[in-house]
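This report concerns only the one structure given below.
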Amino acid sequence: MANKAKITTVKKAFHSDLSSSVTLFAAIKPFTDKSKTYDAIQGWEPLHHAQAMRVVALAFMNIVAAWEEFVQSTFIRYMAGATSGNGYRPKLRVGPCSSLRHAGQILTRRTDFDFESDFISWSSWGEVTNRAALFFEEGRPFSSIVERDKQRLKDAVTIRNRVAHASGKSRAEFIKVAKLHLGLQLRSKLRQGYTVGQLLLEQPRTFGPSGANSYFEAYVEFFTRLSDILAP
């Protein structure tokens, strides 16, 4: 694990991950148009538009994974007494942990905990804020995420889960989120075979004023803004 004081480093790494995903999205987006055909590289089959859609979905999955890593890295560094780039430090309800590994041991109540081999989930923002309330006064900065943004985080996890899993539950939950993003009634039907990639390419309807041309880009803006709340 990196030095406990380097919250600016983990924020920079997160923004770098976002930038890489945006670059991949921009490169693959032209190939998602099924009305066009593209020449193949010699000896290879041309990229099918459905494959390009899958790449868009995988790029989004990487964004959500990078966000959860950023949340964990920021949380444990604050537990160890670190400050953000502008000098912000949440008020600890207990003394600072002696190391990042010690922070992990406190979080899991396991003396043998190791970040290299063990896992802590950060997918549920309700669980994150409950943890934060134990260690930081008023749970800040994690409790500073407003209700609307909590729902968007939940939606992002639902979309990610549809990429990662083929279960009936993940599909049913994705369909609900997709309908809300598209401004459809829940009783309405999506186009048959509607995918995560298709949703992420849609013009944003539910994110308010934004310069984004797609939900993929709108979510990038969203996660960037939240990172500034957690690590100002």
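Contact record, A156 with F60: O-CE2, 3.6 Å, taken as the closest heavy-atom pair. Closest non-hydrogen pair, A82 versus I7, comes out as CB-CD1, 3.9 Å. Heavy-atom minimum distance, L134 versus R93: O-CD, 3.6 Å. Nearest heavy atom pair, residue N213 against residue Q203, reads O-OE1, 3.3 Å. The two residues A212 and A218 have their closest heavy-atom pair at CB-N, 3.5 Å. The minimum heavy-atom distance linking H49 with T32 is given by the pair CB-O, 3.8 Å.
The structure places CZ of F119 at 8.0 Å from CD of Q72, a figure rounded to the nearest 0.5 Å. Between atom CG of residue L153 and atom CH2 of residue W67 there is a gap of 6.0 Å, rounded to the nearest 0.5 Å. Distance CE/M61 to CG/N161: 10.0 Å, rounded to 0.5 Å. Note that CZ of R171 and NE2 of H165 are 15.5 Å apart. Values are rounded to the nearest 0.5 Å. Here CE of M53 is found 10.5 Å from NZ of K29. Values are rounded to the nearest 0.5 Å. The structure places CD1 of I229 at 11.5 Å from OG1 of T224, a figure rounded to the nearest 0.5 Å.
Below 30°, between 30° and 60°, or above 60°: for Y215 and Y219 the angle between ring planes is between 30° and 60°, a tilted geometry. Between Y88 and Y78, the ring planes lie perpendicular to each other; the angle is over 60°, past the 30° to 60° tilted range. Ring pair F135/F75 is perpendicular by interplanar angle, where above 60° counts as perpendicular and below 30° as parallel.
More than 12 heavy atoms of other residues, nucleotides or ligands sit less than 6.0 Å from atom CZ of R205. The local environment of CZ in R109 is sparse, with at most 12 non-hydrogen atoms from other residues, nucleotides or ligands closer than 6.0 Å.
Hydrophobic clustering (side-chain heavy atoms under 4.5 Å, transitive across Ile, Leu, Val, Met, Phe, Trp, Tyr) groups F223 together with I145. Under a hydrophobic clustering in which Ile, Leu, Val, Met, Phe, Trp and Tyr are joined whenever their side-chain heavy atoms come within less than 4.5 Å, directly or via other members, V146 and V128 fall into different clusters. Under the 4.5 Å side-chain contact rule for hydrophobic residues, F31 and L200 share a cluster. Linking Ile, Leu, Val, Met, Phe, Trp and Tyr residues whenever their side-chain heavy atoms come within less than 4.5 Å leaves L180 and V196 in two separate clusters.
When only modelled atom types and interatomic distance are considered, Q185 and S188 share no side-chain donor-acceptor pair under 3.5 Å.
By the 4.5 Å heavy-atom criterion applied to side chains, K11 and D228 are counted as neighbours. A heavy-atom distance below 4.5 Å is not found between the side chains of H15 and K12. Residues W125 and V157 fail the side-chain proximity criterion, which asks for heavy atoms closer than 4.5 Å. Between F14 and L230, every side-chain heavy-atom pair lies at or beyond the 4.5 Å cut-off. Counting heavy atoms from C-beta outward, R77 and L100 have side chains that approach closer than 4.5 Å. Side-chain contact between F174 and L199: present, with at least one pair of heavy atoms (C-beta onward) separated by less than 4.5 Å. Between I120 and L107, the closest side-chain pair of non-hydrogen atoms falls below 4.5 Å. Residues T158 and R162 have side chains not in contact (no heavy-atom distance under 4.5 Å, counting atoms from C-beta outward).
Side-chain N or O atoms of R101 include one that pairs as donor or acceptor with a backbone N or O of F113 at under 3.5 Å. Between the side chain of S144 and the backbone N or O of R140 there is no donor-acceptor pair closer than 3.5 Å. Under a 3.5 Å cut-off, the side chain of S84 and the backbone N or O of P232 do form a donor-acceptor pair. T129 places a side-chain N or O within 3.5 Å of a backbone atom of G126 that can act as its donor or acceptor partner. Under the 3.5 Å distance criterion, the side-chain polar atoms of R89 are matched with a main-chain donor or acceptor of G81. Distance alone, capped at 3.5 Å, is enough to place a donor-acceptor pair between the K179 side chain and the L186 backbone.
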Extract all donor-acceptor atom pairs below 3.5 Å that involve side chains of residues 16-28 and protein atoms in other chains or at least two apart in sequence.
from: S20; atom 1: OG; to: S16; atom 2: O; distance (Å): 3.1
from: S21; atom 1: OG; to: D17; atom 2: O; distance (Å): 3.2
from: T23; atom 1: OG1; to: S19; atom 2: O; distance (Å): 3.0

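Salt bridge annotation for E147-K150: present, with a cationic side-chain nitrogen under 4.0 angstrom from a carboxylate oxygen.
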- Task: Could you walk me through whether D149 and R152 pass salt bridge (Lys or Arg N to Asp or Glu O under 4.0 Å), step by step?
- Result: CA-CA 5 Å; D149 290 339; R152 288 179 181 166; 3.8 Å; yes

- Check the pair S214 / E217 against side chain to side chain donor-acceptor pair (under 3.5 Å), numbers first and verdict last. CA-CA 5 Å; S214 67; E217 295 160 296; 2.7 Å; yes

- Message: Using side chain to side chain contact (heavy atoms under 4.5 Å, CB included), reason through M79 and F136 one step at a time and then give a plain yes or no.
- Response: CA-CA 8 Å; M79 287 180 67; F136 312 119; 3.8 Å; yes

